[in-house]
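Reviewing the structure listed below.
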There are 2 protein chains.
Amino acid sequence: MKRTSRDIRTANRYEVLRQIIAESPTSRQELAAATGLSLATVATLVGELLELRMITEVGFEDSAGGRPRGLVAVNSSGGALIGVDIAETYVHVELFDLGLNVLARAEEDVRASESLPEQVVGHVATAVGSVVTQAGIEGARVLGVGVSVPGQVDRATGTSEYAPNWDWHDVPLLDLLTEHIAYPLHLDNPLRASAVAELWFGAARGRGNAVVVNLGTGVGAGLVLGGALHRGVSNSAGEWGHTTMVLDGRLCRCGNHGCVETYVGARGIMLNLREVGPDSPLLHPDDQTATIDALARGLATGDPVARRAVHETARYLGAGVADLVNLFNPEIVVLSSWVARTLGEPLLHEVREAVNRHALPRPLAATEIVLSPIPTDPVCLGAATFALEGALQVVGQKNGKRTAPPRSRAAAPPS
Amino acid sequence: MKRTSRDIRTANRYEVLRQIIAESPTSRQELAAATGLSLATVATLVGELLELRMITEVGFEDSAGGRPRGLVAVNSSGGALIGVDIAETYVHVELFDLGLNVLARAEEDVRASESLPEQVVGHVATAVGSVVTQAGIEGARVLGVGVSVPGQVDRATGTSEYAPNWDWHDVPLLDLLTEHIAYPLHLDNPLRASAVAELWFGAARGRGNAVVVNLGTGVGAGLVLGGALHRGVSNSAGEWGHTTMVLDGRLCRCGNHGCVETYVGARGIMLNLREVGPDSPLLHPDDQTATIDALARGLATGDPVARRAVHETARYLGAGVADLVNLFNPEIVVLSSWVARTLGEPLLHEVREAVNRHALPRPLAATEIVLSPIPTDPVCLGAATFALEGALQVVGQKNGKRTAPPRSRAAAPPS
DNA sequence: ACACTTTATAAAGCCCCTTTCCGAACCCCT
DNA sequence: AGGGGTTCGGAAAGGGGCTTTATAAAGTGT
């Protein structure tokens with residue numbers, strides 16, 4: 001709320017590092033041109049990052065006759081970031097170097113019976129331990145762990161205020177995790193994680209206004225407004241999945257009727273498929289992943305039922321995305337998460353058509369709709385990005401009276 | 001996009017003046033407490049405003065034993081602001097002093113046959129001339145004119161990109177107005193005008209995140225995000241009225257089906273009324289205002305048809321507002337414009353109930369829903385506020401190379 | 001070698017906010 | 001009436017940021 005010149009510095013630091021990660025190696029000149037900052041400012045920021053060992057100098061580049069440009073690149077061995085994607089049926093953990101390349105992965109299955117926070121936290125702890133040993137990183141090099149948990153998250157207290165799949169209410173997740181994980185922790189939800197991933201490394205890079213539409217089992221929108229993530233007043237902005245699209249429509253697990261999620265979430269798509277082809281072999285009644293995969297294969301082979309099901313889904317999704325376009329007037333809408341990745345171009349194509357029909361001309365003209373270009377799990381990447389942001393945040397505060405870091409605490413190892 | 005420390009200064013200047021207008025007279029101490037700024041900063045900002053003659057010193061106040069506090073107040077005679085509300089059937093103009101008190105009003109009827117831009121501009125020019133002479137202000141004292149025109153507005157070029165009611169396309173409205181009006185002009189649309197009015201003087205004051213829902217003939221949402229108006233990338237954010245609420249629902253004038261506007265706009269309410277009471281005497285088929293007025297009276301007298309019609313409307317409106325709450329997670333939702341004012345508390349009550357049913361608990365808990373407390377035409381007030389912001393903007397740039405002011409041009413009088 | 005070009009760093013200047021200090025203004029008490 | 005205490009308001013100093021300008025460093029070309 002209260003802006004200070006320090007915020008400018010932080011934003012610039014982000015911007016410069018972002019640029020270096022995106023285009024490594026690069027010169028100070030390029031950075032200045034890309035960020036719009038002066039050479040001097042870039043130089044000092046680069047100096048800071050060098051100091052932090054997050055980047056290194058990696059040689060020189062010819063410069064039409066003068067002193068050669070010094071090149072800097074991400075220092076891959078300067079630290080590691082861990083992203084944790086907690087989902088309904090699995091815990092997925094990835095360890096990244098500072099270039100945000102995956103160095104190690106671990107996945108734990110979460111059975112339906114394991115709905116207790118302690119059980120889930122156990123899986124997280126195991127997986128985090130696993131990636132650290134896999135990568136052979138000393139603990140000190142881990143700059144932070146970002147954790148994404150579904151539902152509503154209160155970052156101030158580090159609690160999972162509500163997680164629909166396990167019916168968690170006010171679970172002090174950060175405290176539980178702190179007992180097992182001795183690195184700085186950052187908690188948020190998948191919506192915001194994938195939005196941040198797009199903002200730093202994906203299709204929303206350099207865009208001031210973007211909407212990241214998450215199509216998975218759950219559905220939501222990550223909002224980038226004015227160049228930064230919009231969280232709303234209680235960190236629950238973007239709950240697009242439970243927005244009404246058809247008044248008195250399909251029953252949603254949230255208790256309402258006609259929510260967007262019931263038409264374009266994985267379960268909703270299954271219903272759409274059933275409606276256009278009740279006996280279709282594509283339908284695996286109890287397996288979302290299998291059904292969506294089958295649907296994708298059906299599209300590839302020209303199965304008419306698959307085509308109709310996707311067309312129908314796109315009709316709903318297009319209307320919903322058009323709503324977002326009208327409301328936010330973004331530069332870009334990114335379709336992300338596994339359903340979008342699986343159905344890919346055919347879905348995108350149909351959605352664009354539907355949006356063209358529904359959105360108002362002026363906002364429509366300014367908006368691009370694309371699939372997420374991020375090849376790995378965007379939630380892990382985004383969670384790791386939260387950790388990266390956290391690590392950069394710390395730079396700002398000089399030694400001495402440091403304001404309490406925003407609830408990302410480097411806990412002492414369990415005694 | 002690019003933030004500079006100057007923006008901080010501008011925001012603080014706004015904040016201080018806002019506070020003075022809200023609570024006049026007031027002391028520097030109070031201002032510092034209210035804005036969170038240091039006494040010194042407040043003092044310099046107050047100094048600036050005094051220099052500009054926008055405020056004056058108006059005496060002293062006792063201070064528990066020490067030196068008395070100097071009091072400052074808005075300098076009513078320090079200038080005038082004009083707000084112009086162009087609507088489908090009328091042009092409404094108000095002239096304000098710097099305390100945003102109405103000094104003069106003028107209204108021109110626009111007949112259905114007068115859809116040419118030149119005709120509308122003629123009405124505006126007449127009304128503006130009228131309020132200036134009514135108020136007996138010398139022209140030099142008019143600090144600016146804010147103009148609100150329905151539809152999509154391009155502020156960069158000063159054109160009305162699209163106005164649905166008159167089917168205007170790319171009308172260079174600012175150029176046309178400049179020929180008749182010799183004061184600095186600021187163009188935008190009613191959505192943003194009323195949002196700014198709430199932000200400065202209404203229910204959104206001091207709130208970082210607010211949604212101003214406009215219920216009139218047309219419907220839209222003004223968005224205040226992060227303490228400032230959210231415009232989107234092409235100044236058309238907030239087009240909530242053409243968001244789909246019922247897929248394949250009622251036909252909208254925009255060509256789509258099931259838009260929010262067709263259920264909660266004035267015409268939509270008339271349809272709701274017809275559905276619950278086809279023969280109701282409340283219905284004036286060709287007169288929106290008369291119908292809504294009758295509906296309000298019906299509510300007051302306990303007419304069951306009126307009650308049911310409003311209940312039905314609130315059902316739609318509640319679902320729509322719940323969507324906004326879920327998406328934006330605002331601190332406050334303000335219901336504004338004439339339909340909301342006319343139906344008042346009964347509507348508010350029903351809407352709250354409906355929102356409670358539809359919104360997710362966490363965003364819901366953080367959100368307040370209120371009627372606009374602004375007693376006059378919020379669009380005029382908001383338009384005038386644009387002019388005020390424009391006048392304050394100019395302070396920033398010292399003499400010398402001033403960057404071109406953002407398309408608010410003080411034109412030479414017609415030669 | 002010397003001039004010229006280009007890069008990187010250092011210095012100076014400006015803007016913004018805050019903290020600190022001190023004179024001014026007023027109260028109350030003696 | 002004259003001090004002491006209290007509070008206000010302005011000026012100065014300090015810290016953080018960014019930019020422009022100057023200077024040093026490192027090349028190329030003649």
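So you know, we letter chains A, B, ... as the sequences are listed, proteins then strands, and number each from 1.
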Just the rounded figure in Å: distance from [atom2] of [N] to [atom1] of [X].
X: B:Asp7; N: C:dC17; atom1: CG; atom2: C1'; answer: 15 Å
X: B:Ile8; N: C:dC16; atom1: CD1; atom2: C1'; answer: 7 Å
X: B:Leu31; N: C:dT18; atom1: CG; atom2: P; answer: 14 Å
X: A:Glu30; N: C:dT6; atom1: CD; atom2: P; answer: 16 Å
X: B:Glu61; N: C:dC26; atom1: CD; atom2: P; answer: 14 Å
X: B:Asp62; N: D:dT6; atom1: CG; atom2: P; answer: 16 Å
X: A:Arg6; N: D:dC18; atom1: CZ; atom2: C1'; answer: 15 Å

Does OP1 or OP2 of [N] have a side-chain N or O of [X] closer than 4.0 Å?
X: A:Thr41; N: D:dT19; value: yes
X: A:Ser38; N: D:dT19; value: yes
X: A:Arg9; N: D:dC18; value: yes

| field | Net bend of the helix from C:dA1-D:dT30 to C:dT30-D:dA1, end axes of five pairs each, nearest 10 degrees | value | 30°
| Footprint string (nucleotides 7-12 of chain D, 5' to 3'): B base within contact, S backbone only, - free, heavy atoms under 4.0 Å | BBSS--
| query | Under 4.5 Å between any side-chain heavy atoms of B:Arg155 and B:Arg231, yes or no? | reply | yes
| task | For residues B:Leu49 and B:Leu392, determine if any side-chain heavy atom of one lies less than 4.5 Å from a side-chain heavy atom of the other. | result | yes
Going by distance alone, is a donor N or O of one side chain under 3.5 Å from an acceptor N or O of the other, for [X] and [Y]?
X: A:Tyr14; Y: A:Gln19; value: no
X: B:Ser236; Y: A:Asn329; value: yes
X: A:Thr44; Y: A:Thr41; value: no

| field | Residues A:Glu368, A:Arg207: salt bridge by 4.0 Å N-O rule | value | yes
| request: For B:Phe201, enumerate each residue passing the ring pair (Phe, Tyr, Trp, His ring centres under 6.0 Å) test, keeping only those at least two apart in sequence or located in another chain. | output: none
| request: Name the orientation class of the two ring planes belonging to B:His230 and A:Phe328 (parallel below 30°, tilted from 30 to 60°, perpendicular beyond 60°). | output: perpendicular
| field | Step-by-step salt bridge (Lys or Arg N to Asp or Glu O under 4.0 Å) determination, A:Arg9 to A:Glu48 | value | CA-CA 12 Å; A:Arg9 181 66 152 191; A:Glu48 276 182 29; 3.0 Å; yes
| Just checking B:Asn12: base, sugar-phosphate only, or nothing, at a heavy-atom cut-off of under 4.0 Å? | sugar-phosphate
